Protein chains: 2
Amino acid sequence: MFYVIGLGLCDEKDITVRGLEAVKSCSRIYLEAYTSILMVNKDRLEAFYGKQLIIADRDMVELESDEILRDASTENVAFLVVGDPFGATTHTDLLLRARDLQIPTQIIHNASILNAVGCSGLQLYNFGQTVSLVFFTDTWKPDSFYDRIAENAKLGLHTLVLLDIKVKEQSEENLARCRYPSSCLYPSVSECACLKLRGRKIYEPPRYMSILTAVNQLLEIESIRKEGVLDGDSTLAIALSRVGSIPLGDETTDDGAQRIVAGTLSDLQAQPESVFGQPLHSLIIAGKKLHEMEAIYAGAFAVNQENWNRIANKTS
Amino acid sequence: MFYVIGLGLCDEKDITVRGLEAVKSCSRIYLEAYTSILMVNKDRLEAFYGKQLIIADRDMVELESDEILRDASTENVAFLVVGDPFGATTHTDLLLRARDLQIPTQIIHNASILNAVGCSGLQLYNFGQTVSLVFFTDTWKPDSFYDRIAENAKLGLHTLVLLDIKVKEQSEENLARCRYPSSCLYPSVSECACLKLRGRKIYEPPRYMSILTAVNQLLEIESIRKEGVLDGDSTLAIALSRVGSIPLGDETTDDGAQRIVAGTLSDLQAQPESVFGQPLHSLIIAGKKLHEMEAIYAGAFAVNQENWNRIANKTS
């Protein structure tokens with residue numbers, strides 16, 4: 001059996017009882033470690049499972065799927081995914097490959113940010129399509145998220161904005177030495193398989209987009225596109241950090257717990273980075289169909305209560 | 001501590017390890033049993049937890065929240081919810097009440113149908129707003145879902161349609177004897193609190209909307225509204241049953257396992273009820289922005305492969 005098991009959002013104890021039993025039955029266990037991360041490291045998971053884990057980076061999942069699936073017809077093999085197994089497209093690929101090889105599969109679901117975002121107080125059925133926001137560079141500022149937020153906003157719906165993470169990204173120096181740059185078949189240089197031929201790769205340290213970077217990037221695109229989809233003073237947003245971990249009681253410490261911070265985009269922009277807690281972060285852009293109960297629930301997280309109430313009352 | 005704990009979708013083993021530890025620490029444990037159901041009964045949960053459960057019906061949650069929250073400042077009390085805690089509005093109410101009473105709360109997330117629906121092969125970020133479809137009566141056919149599906153369809157997005165369940169609904173006979181029908185403050189007669197004053201209530205047996213009822217209701221509204229949002233022959237849909245339970249291997253038996261059935265609305269309408277498996281059911285209306293990989297993955301569940309490919313190829 002090939003198991004694809006969701007680990008939930010926070011630590012080793014967010015796996016389900018069914019998932020834990022499956023893990024313990026497996027002869028090989030892969031931990032997917034590039035679309036999201038847990039808040040604990042591999043050692044802690046291994047100690048909890050009593051099993052060794054194999055880290056599966058993007059290269060391995062995309063290029064060595066047959067090795068991951070090896071012998072899964074006769075043994076149990078697990079592929080562990082932070083959140084729910086269907087959060088990232090790449091896992092669907094792996095399941096399609098298993099189907100081709102006639103390997104039996106079983107999915108063990110778990111919480112993902114797409115439903116846990118309900119902790120903000122905004123109702124899940126009032127969310128439109130989810131968007132991703134990637135790190136801008138000087139020359140690359142993909143802005144299709146802006147159209148998606150606009151579509152949602154037009155319907156009064158909230159948008160969950162997933163913030164970029166860069167794990168095991170190859171360094172510029174490394175990329176610059178690509179063998180076949182002009183004829184590369186891969187959609188982006190960083191995914192180019194021929195890099196494999198050039199021996200040892202050089203990786204950047206991991207990066208997780210902060211709330212302030214996200215808000216700045218959103219407003220930067222608004223300032224270019226000027227369609228009035230986002231406005232510093234009147235767009236309400238909710239910043240989420242480490243959803244699913246124990247809520248922070250004492251405001252003066254930072255123990256890595258969940259934080260929810262609400263306000264206008266300008267309110268959020270005016271906060272010091274530390275207010276938003278530790279990564280991973282997500283951001284909600286609230287739609288105008290804000291119900292009274294949503295406004296009240298989320299309002300408790302507002303950095304400027306007066307601002308929040310004034311704008312929320314206009315919309316709800 | 002007042003814990004609100006998601007149980008996931010299937011049976012007693014879908015609780016997380018963190019959730020199970022919390023349950024075991026509680027002096028009172030409520031099981032919410034009216035917005036959704038697990039596929040196992042209360043006895044099985046009690047045996048697994050080694051604890052007694054108190055069934056919380058709609059009346060109790062809406063009228064006796066202070067009893068549910070009693071002593072939660074000094075003891076641990078759990079409120080168990082099928083799926084994720086934020087699936088239903090009513091639980092937000094309970095958390096707001098706890099906040100008013102300054103009772104510390106902790107949410108333990110889990111899978112819900114809103115993310116587990118990814119098992120269909122359709123990508124979660126291509127879903128628009130979620131809608132609910134209630135049982136029609138001869139005189140009551142609420143159709144606001146139609147506008148929401150239309151909004152999603154216009155953007156090419158998929159729609160998750162949650163199908164009605166009726167658990168512990170009062171019988172018509174019972175409702176007919178309401179004390180103050182003309183001055184009732186409750187939004188619907190079935191929620192009327194003054195019913196409580198009249199002694200023993202009479203309840204209908206539970207009902208769960210089937211896929212065929214859902215498809216018929218959808219097409220009935222299309223035939224009234226005639227806006228071309230849904231079409232028997234060209235709208236692709238995916239019927240889901242018991243998401244999260246072990247996938248059915250042997251097509252000739254019905255062991256209550258997950259089933260996924262894809263086709264046009266007419267394809268689905270032509271199937272016998274048994275094809276769709278046991279409740280709970282959900283239905284996805286596929287949007288026109290169907291990616292090739294989504295079409296391939298979901299196509300394996302099609303009742304009429306040729307039909308599916310022909311239409312999916314036009315859209316993807």
Side-chain angles (χ1 to χ4, degrees), chain A residues 6 8-21 48 83-87 89 92-93 95-96 99 104-112 114-119 121 123-132 148 151-152 155 157 162 243-244 246-247 249 291 293-294 296-297 300, chain B residues 6 8-21 48 83-87 89 92-93 95-96 99 104-112 114-119 121 123-132 148 151-152 155 157 162 243-244 246-247 249 291 293-294 296-297 300:
Chain A
L9 293 166
C10 175
D11 67 24
E12 70 276 16
K13 291 190 178 174
D14 286 323
I15 195 169
T16 65
V17 173
R18 181 195 304 282
L20 184 59
E21 285 181 1
F48 189 69
D84 186 71
F86 288 104
T89 323
T92 312
D93 265 338
L95 285 161
L96 278 174
R99 191 192 277 173
T105 59
Q106 197 182 322
I107 309 301
I108 300 180
H109 291 285
N110 210 319
S112 74
L114 274 86
N115 64 352
V117 73
C119 67
Q123 295 295 322
L124 296 175
Y125 58 81
N126 285 336
F127 278 78
Q129 54 202 317
T130 300
V131 304
S132 294
R148 303 290 89 73
E151 289 168 348
N152 289 341
L155 300 173
L157 300 173
L162 302 174
V243 170
I246 314 305
H291 291 190
M293 190 162 46
E294 292 179 293
I296 292 170
Y297 197 97
Chain B
L9 294 167
C10 177
D11 67 24
E12 70 277 16
K13 292 190 176 173
D14 287 322
I15 195 169
T16 65
V17 173
R18 179 194 306 282
L20 185 59
E21 285 182 0
F48 188 69
D84 186 71
F86 288 104
T89 323
T92 312
D93 266 336
L95 286 161
L96 277 174
R99 191 192 278 172
T105 60
Q106 197 181 323
I107 308 300
I108 300 181
H109 291 285
N110 209 319
S112 74
L114 274 85
N115 64 352
V117 74
C119 67
Q123 296 295 321
L124 297 174
Y125 58 80
N126 285 335
F127 279 77
Q129 54 202 318
T130 301
V131 303
S132 295
R148 303 290 89 74
E151 289 168 349
N152 289 341
L155 301 174
L157 300 174
L162 302 175
V243 169
I246 315 305
H291 290 189
M293 191 162 45
E294 293 180 293
I296 293 171
Y297 196 97

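What you see is a predicted model, and the numbers here were worked out from it, not measured in a lab. Reckoned from all heavy atoms, side chains included, excluding hydrogens, waters and symmetry mates. Just so we're on the same page: letters track the sequence lines, and every chain starts at 1.
Using modelled atom types, one finds a donor on one side chain and an acceptor on the other under 3.5 Å when comparing S112(B) with N115(A).
Contact of the V17(B) side chain with the L20(A) side chain is registered, since non-hydrogen atoms from C-beta on lie closer than 4.5 Å. Side-chain contact between L162(A) and Y125(B): absent, with no pair of heavy atoms (C-beta onward) separated by less than 4.5 Å.
Residues G244(A) and H109(B) approach most closely at CA-CD2, 4.0 Å, considering heavy atoms. Closest of all the heavy-atom pairs between T16(A) and D14(B) is CG2-O, 3.3 Å.
For chain A, the option among T130(B), L124(B), L155(B) with the highest count of heavy-atom pairs below 4.5 Å is L155(B). With respect to chain A, the highest number of heavy-atom pairs below 4.5 Å among D11(B), V243(B), N152(B) belongs to D11(B). Top candidate by heavy-atom pairs under 4.5 Å with chain A, chosen from L114(B), L9(B), D93(B), I15(B), is I15(B). The residue among P85(B), G128(B), G8(B), C119(B) with the most heavy atom pairs within less than 4.5 Å of chain A is C119(B). For chain B, the option among R148(A), E294(A), E151(A) with the highest count of heavy-atom pairs below 4.5 Å is E151(A).
Contacts between E12(B) and chain A at a heavy-atom distance below 4.5 Å are absent for every atom of the residue. Contacts of Y297(B) with chain A are made by both backbone and side-chain atoms, with heavy-atom separations under 4.5 Å. Heavy-atom distances place no part of N126(A) under 4.5 Å from chain B, backbone and side chain included. Heavy atoms of Q129(A) lying under 4.5 Å from chain B belong to its backbone as well as its side chain.
The side-chain contact (heavy atoms from CB on, under 4.5 Å) check on I296(B) picks up L96(A), E292(B), with sequence neighbours excluded.
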